[in-house]
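Everything on this sheet refers to the single structure shown next.
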Amino acid sequence: MKTTLQIQPEGPFNLDLTIKSGQTSQPPWKFKSDRFWELIKVDGKLCLVGVHQKPGDLNGPIMVEAESKGPVKKDVLRSKLLEIFSLEDDLSELYKFLESDEKLKPTVDFCRGLRIFKAHDPFECIISSICSANNSILRWSRSIRKIKENWGENFDFKGETFHTFPSPEVLMKVPEHDEEMEPCQGQTYSLKSCGVGYRCSYMKKAARMIHEEINITTLGEMNYHDAFKTVLSIPGVGPKVADCILLYGYGIGRAFPVDVWIGRILSHLYFEGEDLKPRKVRNFGMEHFGEHAGYVQLYLFHYARKSGLLKTLKPKK
DNA sequence: ACGCAGGTGTACG
DNA sequence: CGTACACCTGCG
């Protein structure tokens, strides 16, 4: 069953940039025939959505086309997409803030319309974020894709198969190593074979905890500090991953995920290249950027990459 | 070929 | 409490 709708974002929105900017909430959506496609759950139903934006038209409407087994309520689909692409964030407010800081000012021209690309659901976000730790974007997105192909729900459309992310219960039961299972048509399907490395046991333990112990649906209602401490208790989740989860899974804008790159960038911009401990970078970011911290991190990283600044920042001398 | 990059857990002081 | 090192994989 087909559903179509239009969304008129408030302020600039760059769909292409947002999807491809390497945010660790999820790998880029599949691009085919002018649209980005992804299988998501809307109102509990599998729903393949295709989103289109006229190239270069940062202020134009977003055209949405969705295919589902049964009927899907338009307003539910609409709010899901508003959520995923953070379309209700007030970018003019953000840009006012960025322009008030000489160091942040240049990021705006490089990033106009870039928004936080949120995960489809908190569980997927937690596992994705654990998998992204100490990993490359390439390897991480490959792993997530394989996990979805191996254990997600399928949806066939026009000769292609799309996959959801598996539930906690499914993921906690998947085999860790190939030796644990019979080869199936010459192929094996273990979590290790997805290339997750030593993160394998963290991911399985996290899935078990979320299935049996922790209620992750109420995290969004907690204050930042309590939510941070709660996700920190999940195996494989340290400060960086915790902030990714809060930012991309729950839209908590004060979260400031600190990796080595954001550390080098802030050190270069504000500390004359001094070697900074991650703890100090995080405190500085949260104090100075406040509720914009998540966006500042996103904008600084993209700016540094596009402007060539990143290449000049050396991994200590 | 093989060294290296990349956060977290653990084992120390 | 802070610091040092091992962990796994794929790229250059």
Side-chain angles (χ1 to χ4, degrees), chain A residues 21-28 119 124-150 171 174-180 187-210 213-214 225 227-249 255-268 274-286 293-294 297-298 300-302 304-305 308-317:
Chain A
S21 54
Q23 304 179 53
T24 53
S25 50
Q26 55 186 312
E124 172 168 2
C125 186
I126 291 170
I127 301 300
S128 285
S129 303
I130 291 173
C131 188
S132 74
N134 197 27
N135 208 339
S136 70
I137 301 256
L138 198 71
R139 185 149 80 91
W140 160 79
S141 44
R142 207 177 279 160
S143 294
I144 299 302
R145 226 172 280 130
K146 285 186 184 174
I147 289 170
K148 291 169 74 168
E149 284 168 15
N150 284 354
L171 196 66
V174 306
E176 283 203 32
H177 307 280
D178 285 342
E179 306 85 67
E180 290 174 33
Q187 270 189 304
T188 52
Y189 296 101
S190 66
L191 195 46
K192 269 274 174 70
S193 76
C194 297
V196 301
Y198 58 83
R199 302 162 195 81
C200 181
S201 63
Y202 302 153
M203 293 163 82
K204 287 200 58 169
K205 281 178 197 158
R208 178 170 295 278
M209 269 179 85
I210 290 163
E213 285 176 53
I214 299 190
H225 185 72
F228 184 78
K229 287 192 74 174
T230 306
V231 288
L232 260 192
S233 71
I234 299 170
V237 178
K240 152 71 163 43
V241 167
D243 275 329
C244 281
I245 292 169
L246 297 184
L247 182 61
Y248 297 118
F256 190 66
V258 172
D259 59 17
V260 296
W261 289 107
I262 207 67
R264 287 169 195 164
I265 294 167
L266 283 200
S267 160
H268 170 78
E274 177 193 336
D275 191 18
L276 301 172
K277 303 252 182 306
R279 175 74 206 244
K280 185 168 174 183
V281 178
R282 180 163 175 269
N283 288 341
F284 177 85
M286 295 191 69
Q297 174 265 155
L298 178 63
L300 273 179
F301 186 72
H302 184 73
R305 199 159 49 163
L309 170 63
L310 216 51
K311 291 197 292 273
T312 75
L313 299 177
K314 304 222 168 110
K316 85 177 164 186
K317 289 176 194 149

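By convention in this document, chain letters (A, B, ...) are assigned in the order of the sequence lines, proteins followed by strands, and residues within each chain are numbered from 1. No hydrogens, no waters, no symmetry mates; every other heavy atom, side chains included, goes into these values. Not measured: the values here are computed from a predicted model.
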Non-hydrogen side-chain atoms of A/Tyr202 and A/Val237 separated by less than 4.5 Å
no
For the pair made of CG in A/Asn134 and C1' in B/dC4, what is the distance, rounded to whole Å?
11 Å
If you look at every strand shown and take non-hydrogen atoms under 4.0 Å, does A/Pro278 touch a base, only sugar-phosphate, or nothing?
nothing
May I have the distance from A/Gln297 (atom CD) to B/dG7 (atom P), rounded to whole angstrom?
11 Å
Take atom OH of A/Tyr198 and atom C1' of B/dT10, then tell me their distance rounded to the nearest Å.
13 Å
Answer with base, sugar-phosphate or nothing: what part of the nucleic acid does A/Trp140 contact at a heavy-atom distance below 4.0 Å?
nothing
Salt bridge (charged side-chain N to carboxylate O under 4.0 Å, His left out) partners of A/Glu213, counting only residues at least two apart:
none
Could you check whether the side chain of A/Tyr202 and the base of B/dG7 have a donor-acceptor pair of N or O atoms closer than 3.5 Å, going by distance alone?
no
Mind jotting down which residue pairs meet the salt bridge (Lys or Arg N to Asp or Glu O under 4.0 Å) criterion with at least one end in residues 230-239 of chain A? Sequence neighbours excluded, please.
none
Looking for any heavy atom pair under 4.0 Å, which part of the strands does A/Val237 touch: base, sugar-phosphate only, or nothing?
sugar-phosphate
For A/Asn135 and A/Gly236, find the nucleotide of DNA chain B closest to each by heavy atoms; which residue's nucleotide sits nearer the 5' end?
A/Asn135
Going by side-chain contact (heavy atoms from CB on, under 4.5 Å), name the residues that satisfy it together with A/Pro28, two or more places apart in sequence or in a different chain.
A/Ile19
A/Lys205 near the nucleic acid: base, sugar-phosphate alone, or nothing, with a heavy-atom cut-off under 4.0 Å?
nothing
Using the side-chain contact (heavy atoms from CB on, under 4.5 Å) criterion, which residues pair with A/Lys192? Sequence neighbours excluded.
A/His177, A/Ser190, A/Cys200
Opening and closing nucleotides of DNA chain C in contact with chain A, under 4.0 Å to non-hydrogen atoms:
C/dT3 to C/dC11
What integer distance in Å separates A/Leu310:CG from B/dA5:C1'?
13 Å
Would you mind reading off the distance between A/Leu138 atom CG and B/dG6 atom C1', rounded to a whole angstrom?
14 Å
Tell me which of A/Arg279 and A/Arg142 sits closer to the 5' end of DNA chain C, going by the nucleotide each one is nearest to.
A/Arg279
Side-chain donor-acceptor contacts of residues 131-138 of chain A below 3.5 Å, not counting sequence neighbours, with atom names and distances?
from: A/Ser132; atom 1: OG; to: A/Ser129; atom 2: O; distance (Å): 2.7
from: A/Asn134; atom 1: ND2; to: A/Tyr198; atom 2: OH; distance (Å): 2.7
from: A/Asn135; atom 1: OD1; to: A/Arg139; atom 2: NE; distance (Å): 3.3
from: A/Asn135; atom 1: ND2; to: A/Cys131; atom 2: O; distance (Å): 2.8
from: A/Ser136; atom 1: OG; to: A/Arg139; atom 2: N; distance (Å): 3.2

Can you measure A/Lys204 atom NZ to B/dG9 atom P for me and round it to whole angstrom units?
18 Å
Nearest-Å distance for atom pair CD1/P, residues A/Ile130 and B/dG9:
9 Å
A/Lys311 atom NZ is separated from B/dA5 atom P, nearest whole Å, by 18 Å
Assess, by modelled atom type and distance only, whether the side chains of A/Ser25 and A/Gln23 contain a donor and an acceptor separated by less than 3.5 Å.
no
